[in-house]
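Heads up, the thing below is written out as C-alpha cells.
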Amino acid sequence: MTNEVTVPLLPCASIDDIEAFYRVLGFRTTYVQRKPYACVGLQREDLNLQFFEIAGFDPEQSYGSCIVLTWDIAELHRAFAAGMRAAYGKVLVSGMPRMTRPRARKNADGVGGFSVIDPGGNWIRVFQNTATAPTPAPAPAGRLANVLANAVVLADSKGDAGQAVRILDSALARPQADDDPVTHVEVLVYRAELAMALNDRETATEMLARVEHIALDEDETERAAPTFEIAADLAAALR
C-alpha cells in the first residue's frame with residue numbers, strides 16, 4: 001500500500017490555547033470536539049496535527065514530540081516567524097511557546113532543522129526532507145564551530161539548554177588567536193538565544209553587546225549577515 005498518512009495526537013492543557021497559537025503559524029482548524037474529551041485538529045497545507053486536552057496537565061513536564069519533514073525549512077521558518085511578528089510583535093524565543101532557529105544538526109548527519117515548542121510543551125521538530133537535500137551541510141571546522149555544533153545538539157535536539165550554556169561559556173572564556181570571527185559571532189548570538197530561553201535577559205544583553213566588538217572585514221560581515229538578523233530579533237525581544 002502507498003500514500004498512508006500519519007497524524008500525531010499530542011497532549012495539552014488547553015485546546016483553546018493550542019488552537020490560538022497554531023492559527024498564528026498559519027494553521028486552520030479542521031475539527032473540534034468538547035465531549036467526551038476535548039480535542040482539536042489543525043492543518044497547514046499538508047501538515048496535520050491533532051491535540052487532546054488533559055485536566056491538570058503541566059506543559060513543562062510534557063514528552064510530546066513529532067518530526068515534520070519539509071521541502072524547505074527556511075521558508076517554513078520564515079512563515080512561522082512572520083506570523084509571530086504579526087501577532088506578538090516579535091519572534092518568540094523564550095518561555096512557552098517559542099521557536100528555535102534553523103541550524104544544521106550534528107546528530108542528524110548535518111541535516112538542517114528547527115523546533116517549535118507549543119503551549120502544550122510539545123516539540124514539533126522540523127527537518128529538511130533528505131530526499132530534497134542529498135548533500136548535508138559540511139562538518140564544522142575549527143574549535144568554536146565544533147563547540148557550537150555540540151551545543152545545538154544539546155539545546156535544540158535534547159532540550160538541555162543548561163549543559164549547552166556550560167560548554168559555550170567554557171569556550172568563550174578561553175579565546176584563541178585562530179578563532180574564526182564569524183563563528184565567534186554565531187556562538188555569542190546562540191549564547192544570547194539560550195539565555196533568552198532560560199529567561200536570563202542580563203546575559204542575553206551582554207552577549208549581544210559583545211558581538212558589536214568583534215572586528216569583521218567586508219567578506220566576514222556578509223557571511224555573518226544571517227546571524228545579525230537573529231541578533232536583531234533577539235534585541236527586539238529584549239525591548
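Linking Ile, Leu, Val, Met, Phe, Trp and Tyr residues whenever their side-chain heavy atoms come within less than 4.5 Å leaves Y37 and I15 in two separate clusters. F27 is not connected to F52 by any chain of hydrophobic side-chain contacts under 4.5 Å among Ile, Leu, Val, Met, Phe, Trp and Tyr, and they are in different clusters. One hydrophobic cluster, built from ILVMFWY side chains closer than 4.5 Å, holds both V32 and F51. The hydrophobic cluster containing L49 does not contain F57, counting ILVMFWY residues as joined when their side-chain heavy atoms lie under 4.5 angstrom apart, directly or transitively. Linking Ile, Leu, Val, Met, Phe, Trp and Tyr residues whenever their side-chain heavy atoms come within less than 4.5 Å leaves L10 and M96 in two separate clusters.
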Q.
Quick one, I18 with E53, criterion side chain to side chain contact (heavy atoms under 4.5 Å, CB included). Give me CA distance, side-chain angles, the key distance, then yes/no.
A. CA-CA 10 Å; I18 285 287; E53 188 175 297; over 6 Å; no
Q: Kindly indicate, with the supporting measurements, whether the criterion side chain to side chain contact (heavy atoms under 4.5 Å, CB included) is fulfilled by L234 and V93.
A: CA-CA 8 Å; L234 294 174; V93 295; 3.8 Å; yes
Q: Show the numbers, then the answer: is there a side chain to side chain contact (heavy atoms under 4.5 Å, CB included) between H184 and L188?
A: CA-CA 6 Å; H184 193 180; L188 288 170; 3.8 Å; yes
Q: Start with the C-alpha distance between R103 and E193, add both sets of side-chain angles, then the distance that settles salt bridge (Lys or Arg N to Asp or Glu O under 4.0 Å), and finish with yes or no.
A: CA-CA 13 Å; R103 293 186 176 89; E193 184 177 326; 2.8 Å; yes
Q: In sequence, state the C-alpha distance, the side-chain angles, and the governing distance for Y190 and D156, and then conclude on side chain to side chain contact (heavy atoms under 4.5 Å, CB included).
A: CA-CA 11 Å; Y190 188 48; D156 287 9; 2.8 Å; yes
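Listed here is the closest heavy atom pair of I73 and G113: CD1-N, 3.7 Å. Across every non-hydrogen atom of A235 and L208, the tightest pair is N-CD1, 3.9 Å. Closest of all the heavy-atom pairs between A209 and H213 is O-ND1, 3.0 Å.
Here Y31 contributes atom OH and Q50 contributes atom CD; the two are 8.5 Å apart, rounded to the nearest 0.5 Å. Atom OG of residue S94 and atom CG of residue N199 lie 5.5 Å apart, to the nearest 0.5 angstrom. For the atom pair CD of E75 and CZ of R78, the computed distance is 4.5 Å after rounding to the nearest 0.5 Å. Interatomic distance, CG of L25 versus CG of L42, reported as 10.0 Å (0.5 Å rounding). Distance check, rounded to the nearest 0.5 Å: CE of M207 to CG of L194 gives 10.0 Å. Atom CE of M196 is separated from atom CG of D200 by 10.0 Å, given to the nearest 0.5 angstrom.
Between R201 and E206, none of the side-chain N atoms (NZ, or NE/NH1/NH2) sits under 4.0 Å from a carboxylate O, so this pair counts as no salt bridge.
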Acceptor/donor pairs from residues 220-231 side chains to any protein atom, 3.5 angstrom cut, sequence neighbours excluded:
unit_1	atom_1	unit_2	atom_2	d
E220	OE1	D217	N	2.9
T221	OG1	D217	O	2.8
R223	NH2	D180	OD2	3.0

Enumerate donor-acceptor pairs with a distance under 3.5 Å from any side-chain N or O in residues 114-127 to protein atoms, sequence neighbours excluded.
unit_1	atom_1	unit_2	atom_2	d
D118	OD1	G120	N	2.7
D118	OD1	G121	N	3.2
D118	OD1	N122	N	3.0
D118	OD1	N122	ND2	3.2
D118	OD2	Y22	OH	2.7
D118	OD2	N122	ND2	3.3
N122	ND2	P11	O	2.9
R125	NE	S65	OG	3.0
R125	NH1	S157	O	2.7
R125	NH2	S157	O	3.4

What side-chain donor-acceptor pairs closer than 3.5 Å can you find for residues 79-91, not counting sequence neighbours?
unit_1	atom_1	unit_2	atom_2	d
R85	NH2	D233	OD1	3.2
R85	NH2	D233	OD2	2.7

Table please: side-chain donor-acceptor pairs of residues 163-178 below 3.5 Å, with sequence neighbours left out.
unit_1	atom_1	unit_2	atom_2	d
Q163	OE1	R166	NE	3.0
Q163	OE1	R166	NH2	3.1
D169	OD1	R191	NE	2.7
D169	OD2	R191	NH2	3.2
S170	OG	R174	NH1	2.8
R174	NH1	S170	O	3.3

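The hydrophobic cluster containing V7 also includes V5, under a criterion of side-chain heavy atoms closer than 4.5 Å among ILVMFWY residues, counted directly or through chains of members.
Checked by atom type, the side-chain pair T29/R23 shows a donor-acceptor distance below 3.5 Å.
The stretch residues 54-67 participates, sequence neighbours left out, in no salt bridge (Lys or Arg N to Asp or Glu O under 4.0 Å) pair at all.
A donor-acceptor pair is defined here as one N or O able to donate and one able to accept, closer than 3.5 Å; no such pair exists between the side chain of Q43 and the backbone of R28. Listed for the S14 side chain is a donor-acceptor partner under 3.5 Å among the backbone atoms of D17.
Atom CG of D219 sits in a crowded spot, with more than 12 heavy atoms from other residues, nucleotides or ligands closer than 6.0 Å.
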